[in-house]
Amino acid sequence: MRLSAHGLSLAVRAGWEGRVLRRATSDERERTYAVVHLATFPMPEQRGDFGQGVTELMRSSDAFVTLFEYGPESLGTPLFAHQGIPRVRADMFSPTRLQRMLPGQLGCQLFFTENDRPFCLYVVAGSRAHLPRIVREVNLVLDGLEILI
Amino acid sequence: MAVLVAVETVVIVLLTVLVAGLLRSHAEILRRLHELGAGLDPDAPAGERERPVALRPRGDLAPGAGASGPAHDVVGVGLRDDAVHIPVVGVRHRTLLAFLSSGCLTCRGFWDTFASGADLGLPDDIRLVVVTKDLAEESPSALAELAPADLPVACSSATWAAYGVPGSPYFVLADGATGQVQGEGTGVSWEQVRGLVLQATGDAAVDLRNEARIDRELLASGIRPGDPSLYRTAEQIEAEHRP
C-alpha cells in the first residue's frame with residue numbers, strides 16, 4: 001500500500017504504521033517541511049519529529065523511522081552533501097547515535113539530498129538482536145521511497 | 001377572484017405533496033435508525049430502546065468461510081494535513097474501528113466520550129481508531145473540533161467500503177493476529193459498545209479455554225495430534241458401538 005503526500009511517496013510494509021505529515025505553523029512567515037514516521041508498533045498521536053514520546057514504547061523487536069526534511073537553506077551544506085536516498089547497514093547503528101538514549105536501543109542518522117530536497121533519515125532499532133531484520137526491512141522501505149521535485 | 005382561488009388551490013396541493021414527502025422521508029430515516037439499533041420510538045419499551053445491535057459475526061459470508069470475514073488496513077488522510085496508514089492486519093493487537101461522522105447526532109456522544117480523557121475501559125490489547133469518510137464528504141472544521149488530539153483519526157471512504165459499513169456510528173473489532181473481523185455492529189452509547197467488546201473478548205477467552213481443556217483431556221487419554229480416532233465419522237462411531 002502506497003502512502004503519498006507532500007511530494008513523498010512510499011510503500012508501507014505489512015504490519016507497519018505510517019504517516020506523512022507537515023507540521024502546522026503558528027506564524028505566517030514560518031514554513032514547515034515534510035516528515036515521515038514509520039513504526040512497527042502503534043504510534044501515539046502526540047509525538048516529536050524524531051520520536052520523542054514514541055521510542056519509549058518500543059519493544060526489542062521494534063523499529064521506528066523518521067524522514068525529516070530541512071529547508072532550502074540547508075542545500076549545498078557539507079552535512080547534506082550526499083546525493084540520493086541512502087541505505088542503512090548494521091555497522092551504522094550505535095546507542096550514541098540516538099536522540100534519546102534508552103537501554104538496548106540503537107540509532108542511525110544519515111543526511112542526504114534528493115531532487116534538491118535535504119533530508120535526515122533517522123532509524124531506531126529496538127535491540128541489536130533484531131538489527132539484521134530491521135536493516136533489511138528499512139532498506140526495503142527506502143527502495144520504494146520516491147522524493148519528488 | 002377565481003384566479004386567486006385557483007392559485008391558492010395549486011399552492012395548497014403543492015404544500016400537501018411536500019409535507020407528505022417529508023413525512024415519508026422522516027419515517028424512512030426512523031426505520032433505518034431502528035434497523036441499526038438506534039430506534040427513537042418513545043413508546044418502545046425502555047429495554048428495547050436501549051438495546052444496541054450486537055457486535056455480531058457477519059451474516060453475508062458463506063457457511064464455513066472462517067471467523068467473520070477479513071479485516072483490512074486503514075489508509076486515508078488525517079486531520080493534520082497528513083497521509084495515514086494504520087495497520088489492522090498482521091499486528092499483535094486487536095483494533096476497534098469506530099466509524100463515525102461529523103454530522104450524525106448519535107456520533108456526538110462517542111466523540112465527546114473519546115475527547116473526555118476518561119479511561120475508556122477497553123482491554124489493553126485493543127487499539128481504538130476512528131474512521132470517518134473522506135474529507136470531501138465530511139465537515140473538516142467540525143471534525144477538527146470533535147476529534148481528540150490523542151486518538152488516531154483517519155478519513156477514508158475506502159475503509160468504509162472495505163468493511164461494508166452501513167452507516168454511522170458503527171464499530172468493527174478486528175484481530176490483528178488472525179486478520180479477521182471478530183464482530184461488528186452499532187450502539188447508542190459507548191457503554192453499550194464497550195460492554196459488547198468485553199463480552200466478545202470473554203467469549204473468545206472461553207473458546208480458548210475450552211480448546212485447551214479438550215486438548216489436555218485428549219492427551220491424558222493418549223490421543224495425540226494426527227491420531228486416527230480423531231477422524232472417525234459419526235457412522236463409524238455408531239457402527240463400533242452397535243451390538
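Keep in mind that what you see is a predicted model, and the values were worked out from it rather than measured. A, B, ... follow the sequence lines: proteins, then strands. Residue 1 opens every chain.
If you take CD on Glu45(A) and CG on Leu151(B), they are separated by 7.0 Å, rounding to the nearest 0.5 Å. Rounded to the nearest 0.5 Å, atoms CZ (Phe41(A)) and NE2 (His93(B)) are 11.5 Å apart. Distance check: Asp150(B) CG to Arg47(A) CZ gives 12.5 Å after rounding to the nearest 0.5 Å.
Residue Arg80(B) touches chain A through both its backbone and its side chain, counting heavy-atom pairs closer than 4.5 Å. Contacts between Pro42(A) and chain B at a heavy-atom distance below 4.5 Å involve backbone atoms as well as side-chain atoms. Looking at His6(A), only its side chain comes within 4.5 Å of chain B, counting heavy atoms on both sides. Contacts of Val75(B) with chain A are made by side-chain atoms alone, with heavy-atom separations under 4.5 Å and no backbone atom involved.
Here the shortest heavy-atom pairing between His85(B) and Val12(A) reads ND1-CG1, 3.4 Å. Considering every non-hydrogen atom in both Ser4(A) and Ala83(B), the closest pair reads O-CB, 3.8 Å. The minimum heavy-atom distance linking Pro152(B) with Arg19(A) is given by the pair CB-NH2, 4.0 Å.
Identified by a heavy-atom distance below 4.5 Å to chain B, the contributing residues of residues 48-66 of chain A are Arg59(A), Ser61(A), Asp62(A), in residue-number order. Listed by sequence position, the residues of residues 84-106 of chain A in contact with chain B number zero, using a 4.5 angstrom heavy-atom cutoff.
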Derivation and outcome, side-chain contact (heavy atoms from CB on, under 4.5 Å), residues Val74(B) and Met1(A) = CA-CA 10 Å; Val74(B) 176; Met1(A) 190 64 73; over 6 Å; no
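Comparing Thr40(A), Val36(A), Val20(A) by how many heavy-atom pairs each has under 4.5 Å with chain B, the most go to Val20(A). Your options are Gly176(B), Ala149(B), Gly90(B), and the one with the most heavy-atom pairs under 4.5 Å with chain A is Ala149(B). Interface summary for chain B: among Pro44(A), Ala14(A), Gly15(A), the most heavy-atom pairs under 4.5 angstrom belong to Gly15(A).
Counting heavy atoms from C-beta on, the side chains of Arg13(A) and Pro87(B) never come closer than 4.5 Å.
At most 12 non-hydrogen atoms from other residues, nucleotides or ligands lie less than 6.0 angstrom from CG of Asp124(B).
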